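Just below is one structure, and these are the notes that go with it.
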Amino acid sequence: PTVANSLQQDTDGSGEGDACDVTPPAAPVITVPADGSHVAGDELVVRGMSEPGSLVAIFECSGASGCPSPSPGDCQQVAHALTRVDGAFGVPPYAPFEPGAYTIYAVATDGALLESAPSACNEFTVGLAAPDAPHLVRPMDGEIVSALPVPVEGYGPPATRILLKDAGADFVEVTTD
């Protein structure tokens with residue numbers, strides 16, 4: 001038996017060694033967050049597809065000159081994931097993204113340590129998570145109110161702006177304590 005090295009040569013140098021993987025994986029595809037999307041930072045999970053079994057590294061390049069940046073150090077790795085048998089991956093970032101605009105891309109490395117070309121860049125905006133819905137206590141649904149002005153009571157998350165509507169028209173705006 002012969003043992004082949006990564007140059008496709010067997011131990012006697014004849015070049016007739018076992019086949020090795022010399023083809024890098026195709027560039028990964030990031031599907032979430034979609035390019036141009038708006039996401040809540042605490043719910044961010046980067047999802048996509050790559051060669052099954054490859055290790056996908058996610059990089060963030062906000063403020064860099066181009067994506068992926070031609071200048072080393074402009075982009076930071078923010079997550080990594082091992083792809084499943086079907087090639088899918090999904091991973092939250094190492095730390096939540098603060099509100100703002102971001103640009104990410106991915107690079108895959110296969111089992112032979114060959115690196116893919118960078119994926120397309122996805123630009124997205126991280127916002128705050130939506131607050132819980134306010135609760136209207138009074139008037140109750142279906143209650144007939146004869147007093148004017150109509151007394152309205154309810155509650156919602158602290159420091160939340162609540163806009164009350166009647167038949168689709170805005171009629172009062174309040175901020176919770």
Side-chain angles (χ1 to χ4, degrees), residues 25-52 54-109 115-141 149-177:
V29 175
I30 297 174
T31 56
V32 175
D35 193 40
S37 65
H38 182 87
V39 297
D42 58 347
E43 298 172 4
L44 179 61
V45 174
V46 179
R47 298 186 188 282
M49 299 295 292
S50 188
E51 179 178 299
S54 63
L55 180 66
V56 177
I58 311 297
F59 295 89
E60 193 280 315
C61 295
S62 299
S65 56
C67 177
S69 176
S71 303
D74 281 352
C75 302
Q76 301 297 319
Q77 185 173 334
V78 295
H80 69 276
L82 188 62
T83 57
R84 298 188 302 253
V85 176
D86 64 358
F89 65 87
V91 61
Y94 301 140
F97 283 26
E98 296 296 321
Y102 294 92
T103 302
I104 61 172
Y105 74 93
V107 174
T109 303
E115 193 171 280
S116 73
S119 71
C121 295
N122 283 25
E123 296 180 3
F124 61 97
T125 303
V126 171
L128 299 175
D132 292 334
H135 298 275
L136 189 60
V137 176
R138 183 174 157 209
M140 295 176 62
D141 190 24
V150 175
V152 176
E153 294 179 33
Y155 60 93
T160 301
R161 184 178 70 101
I162 299 174
L163 182 62
L164 299 175
K165 297 179 176 242
D166 181 26
D170 299 352
F171 75 92
V172 70
E173 180 180 315
V174 296
T175 301
T176 58
D177 297 329

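Nothing here was measured: the structure is a model prediction, and the numbers come from that model. One-based numbering along the sequence shown.
When side chains are defined from C-beta on, Phe89 counts as touching Ile58, because their heavy atoms get closer than 4.5 Å.
For Pro25 against Ala108, the heavy-atom pair with the smallest separation is CG-O, 3.8 Å. Minimum interatomic distance between Ser119 and Ile30 (heavy atoms only, all atoms of both residues): OG-CD1, 3.9 Å. Here the closest heavy-atom approach between residue Ser116 and residue Pro28 is recorded as OG-CD, 3.4 Å. Pairing each heavy atom of Val45 with each of Gly90, the nearest pair is CG1-C, 4.1 Å. Among all heavy-atom pairs drawn from Ala117 and Ala27, the shortest one is O-CB, 3.4 Å.
Under the side chain to side chain donor-acceptor pair (under 3.5 Å) criterion, Arg138 pairs with Glu153, sequence neighbours left out. Every residue two or more places apart in sequence or in another chain that forms a side-chain contact (heavy atoms from CB on, under 4.5 Å) with Asp86 is listed here: Arg84, Ala88. Considering only residues two or more places apart in sequence or on other chains, Ala120 meets the side-chain contact (heavy atoms from CB on, under 4.5 Å) condition with none of them. Residues passing the side-chain contact (heavy atoms from CB on, under 4.5 Å) test with Val39 are Pro33, Ser37, Leu44, Phe124, Val126, sequence neighbours excluded. Applying the ring-ring contact (aromatic ring centres under 6.0 Å, His included) rule to His38 yields no partners; only residues at least two apart in sequence or on another chain are considered. For Gln77, the side-chain contact (heavy atoms from CB on, under 4.5 Å) test picks out Ala57, Phe59, His80, Tyr94, with sequence neighbours left out. Remark: Ser50 engages Ser54 in a side chain to side chain donor-acceptor pair (under 3.5 Å) (not counting sequence neighbours).
Expressed to the nearest 0.5 Å, how far CG of Asp35 lies from CD1 of Ile104 amounts to 9.5 Å. Put simply, CG on Asn122 and CD on Glu60 are 12.5 Å apart, with the number rounded to the nearest 0.5 Å.
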May I have the step-by-step check of side-chain contact (heavy atoms from CB on, under 4.5 Å) for Thr103 and Tyr105, ending in yes or no? CA-CA 7 Å; Thr103 302; Tyr105 74 93; over 6 Å; no
Check the pair Cys61, Cys121 against disulfide bond (SG atoms under 2.5 Å apart), reporting the backbone distance first and the verdict last. CA-CA 9 Å; Cys61 295; Cys121 295; over 6 Å; no
Using the side-chain contact (heavy atoms from CB on, under 4.5 Å) rule, take Val152 and Leu136 through it: C-alpha gap first, then chi angles, then the decisive distance, then the call. CA-CA 8 Å; Val152 176; Leu136 189 60; 3.6 Å; yes
